Protein chains: 2
Amino acid sequence: MNIGRAAKISGVSPKMIRYYEQTGLIPKAARQDSGYRDYDDADVHRLRFIRRARDLGFTVEQIGELLGLWSDRSRASADVKAFALGHIDRLKKKVAEIEAMVRTLETLADHCHGDDRPDCPIIEGLAEEGGATPHLEPRQPRRFGRSGGQ
Amino acid sequence: MNIGRAAKISGVSPKMIRYYEQTGLIPKAARQDSGYRDYDDADVHRLRFIRRARDLGFTVEQIGELLGLWSDRSRASADVKAFALGHIDRLKKKVAEIEAMVRTLETLADHCHGDDRPDCPIIEGLAEEGGATPHLEPRQPRRFGRSGGQ
DNA sequence: GATGGGGCTTGCCATCGTGGCAAGGTCAAT
DNA sequence: ATTGACCTTGCCACGATGGCAAGCCCCATC
């Protein structure tokens, strides 16, 4: 089967299929007489695996490890679970980071009257001389630990 | 003041300062006789503004707009607020996406016994023939709006 | 059989924000 | 004067993806 067909039914674009091949994530595809790449159901199956892993936020490198775990009939389910749990942790950390941004922005926005006058605590919050960002109270007196950017 | 000093007190690396100059986010720096870039307090102030905006997840392009809003003495605070609110929306959307991934992964992980045997619902969830990913029940029968992952 | 259109091939460029390295000039202290 | 830290420019890299171009292949329709 052609790459376009494999792409359509796996949900991975032809461009990405070639990229995955090039970077060694998947083995070099078989070739038809024409030189076209040739895929069978097993290839498509693997591509769909990759697609779903991408949708869950795994990097291509991590997917390489997942593919290893997938094909390793002797590995323990605990190994897979540990890998998944680690990824969940990373995702949650990212969520926490973004939520901290949201809280800061909401605090700033709450203090901005949003009318046609120019003075604006949002811009001032970004421009001010002080430390991290806001020394304004959050909308609810809920305290949050702005620990450290990077 | 040299770029290194400006970098240290603004929190923006020399590399990034040059990049911002190159892409037009900030004007071309003045030069000392030596050819070294020369920064004054106003430049550093602007850099710190940029740094804080980056920390809040704005893209460089958006920061360009923010700088415009900052220096535009006649714009309405409502304009700034609308901009901030739009950004908050984008951030929240991203949070929702990641949280959907986390939920899926947690569901999968909950069904994995995590012992030394090889069979593992996590890998199977990625590998299976079916649709999006899990047709397993989430840990608690808490319903969540799986709106759009793509 | 020829022609056209769509799919395939490779290769290169761009994104976005950041880091690294290299070859050379500058500055300040010893 | 030498040394070491800093600065300059320019290029390459990442990660994952998209786009474009030149050229070949395949199939259907005339």
Side-chain angles (χ1 to χ4, degrees), chain A residues 1-26 28-40 43-44 47 49-67 87 90-91 94 97-98 101 149-150, chain B residues 1-26 28-40 43-44 47 49-67 87 90-91 94 97-98 101 149-150:
Chain A
M1 132 181 42
N2 279 352
I3 198 173
R5 177 126 205 78
K8 204 155 291 173
I9 64 183
S10 70
V12 180
S13 74
K15 203 69 202 258
M16 282 299 100
I17 297 178
R18 294 191 203 104
Y19 172 72
Y20 294 150
E21 176 180 327
Q22 194 188 323
T23 58
L25 181 67
I26 57 179
K28 289 196 183 291
R31 296 294 179 139
Q32 303 163 207
D33 291 348
S34 57
Y36 286 13
R37 287 177 180 77
D38 196 18
Y39 298 92
D40 61 19
D43 295 322
V44 170
L47 287 171
F49 181 101
I50 291 170
R51 167 81 155 85
R52 284 198 277 252
R54 285 297 292 130
D55 286 348
L56 291 178
F58 289 99
T59 66
V60 170
E61 193 182 6
Q62 289 163 351
I63 294 173
E65 301 185 54
L66 283 172
L67 287 171
H87 187 52
R90 283 187 297 272
L91 292 178
K94 176 141 286 179
E97 276 176 30
I98 302 177
M101 297 177 190
Q150 31 95 298
Chain B
M1 137 183 31
N2 279 351
I3 197 174
R5 178 128 205 77
K8 204 155 292 171
I9 62 183
S10 71
V12 180
S13 74
K15 203 69 201 260
M16 282 300 99
I17 297 178
R18 294 191 202 103
Y19 173 73
Y20 293 150
E21 176 179 329
Q22 193 188 321
T23 58
L25 181 66
I26 56 179
K28 289 196 182 291
R31 296 294 181 140
Q32 304 163 207
D33 291 348
S34 57
Y36 287 11
R37 287 176 181 78
D38 196 17
Y39 298 93
D40 62 20
D43 296 322
V44 170
L47 287 170
F49 180 101
I50 292 170
R51 166 83 154 86
R52 286 199 275 254
R54 286 296 292 133
D55 286 348
L56 290 178
F58 289 99
T59 66
V60 170
E61 193 183 6
Q62 289 164 349
I63 294 174
E65 301 185 55
L66 283 172
L67 287 171
H87 188 52
R90 284 187 297 271
L91 292 177
K94 176 141 286 177
E97 277 176 31
I98 302 177
M101 297 176 190
Q150 55 99 283

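Keep in mind it's a predicted model, so treat the numbers as computed, not measured. Computation of the quantities below employed the complete heavy-atom set of this structure, encompassing side-chain atoms and omitting hydrogens, waters and symmetry-equivalent molecules. To find a chain, count down the sequence lines: A is the first, B the second, and so on, and within it residues start at 1.
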**Message:** As a quick check of understanding, evaluate side chain to side chain contact (heavy atoms under 4.5 Å, CB included) for B:I26 and B:I17, giving each step before the final call.
**Reply:** CA-CA 8 Å; B:I26 56 179; B:I17 297 178; 4.3 Å; yes

**Atom-pair distance (CD on A:E61; P on D:dC14), nearest Å** = 12 Å

**Request:** Please evaluate the base of D:dC6 for a donor-acceptor partner in the side chain of B:Y36 within a cut-off of under 3.5 Å?
**Result:** yes

**Fill in**
From CG of B:D33 across to P of C:dT26 the rounded distance in Å is 11 Å

**Whole-Å distance separating the NZ atom of B:K8 from the P atom of D:dC6** = 6 Å

**Request:** Using whole Å, report how far CE of A:M1 lies from C1' of C:dG7.
**Result:** 15 Å

**Message:** Taking only side-chain N and O atoms of B:S13, does any of them lie within less than 4.0 angstrom of OP1 or OP2 on C:dG19?
**Reply:** yes

**Minimum heavy-atom distance between A:S10 and A:A6, given as atom pair plus value** = OG-O, 2.7 Å

**Message:** Can you see if the side chain of A:R37 gets near the phosphate of C:dT10 - specifically, an N or O under 4.0 Å from OP1 or OP2?
**Reply:** yes

**Side-chain N,O (A:Y19) to OP1/OP2 (C:dG11) below 4.0 Å** = no

**Asked** Any sub-3.5 Å donor-acceptor pair from A:H87's side-chain atoms to A:Q62's backbone N or O?
**Response** no

**Request:** Whole angstrom is fine here: how far is it from CD in B:Q22 over to P in D:dC11?
**Result:** 11 Å

**Prompt:** Nearest nucleotide by nearest heavy atom, which residue falls closer to the 5' end of DNA chain C, A:P14 or B:Q32?
**Reply:** A:P14

**Fill in**
Side-chain contact check for B:S34: nearest option of C:dC27, D:dT17, D:dC7 is C:dC27

**Complete:** Between CE of B:M16 and C1' of C:dG19 the distance, given in whole Å, is 8 Å

**Fill in**
Per nearest nucleotide of DNA chain D, the residue lying toward the 5' end, A:R54 or B:R5, is B:R5

**Message:** Quick check on C:dT10: is either OP1 or OP2 less than 4.0 Å from any side-chain nitrogen or oxygen of A:R31?
**Reply:** yes

**Item:** Earlier contact from the 5' end, DNA chain C, for B:T59 and B:G35
**Value:** B:T59

**Message:** Does B:K94 form a side chain to side chain contact (heavy atoms under 4.5 Å, CB included) with A:K94? I'd like the steps, not just the answer.
**Reply:** CA-CA 10 Å; B:K94 176 141 286 177; A:K94 176 141 286 179; over 6 Å; no

**Prompt:** Across the strands shown, which category fits B:R18 at heavy-atom distances under 4.0 angstrom: base, sugar-phosphate, nothing?
**Reply:** base

**Request:** In whole angstrom, give the distance that lies between atom CD of B:Q62 and atom P of C:dC16.
**Result:** 11 Å

**Complete:** One should read off an interatomic distance between A:D55 CG and A:R51 CZ, to the nearest 0.5 angstrom, of 4.5 Å

**Request:** Round to the nearest Å and state the distance from A:E21 atom CD to C:dT9 atom P.
**Result:** 9 Å

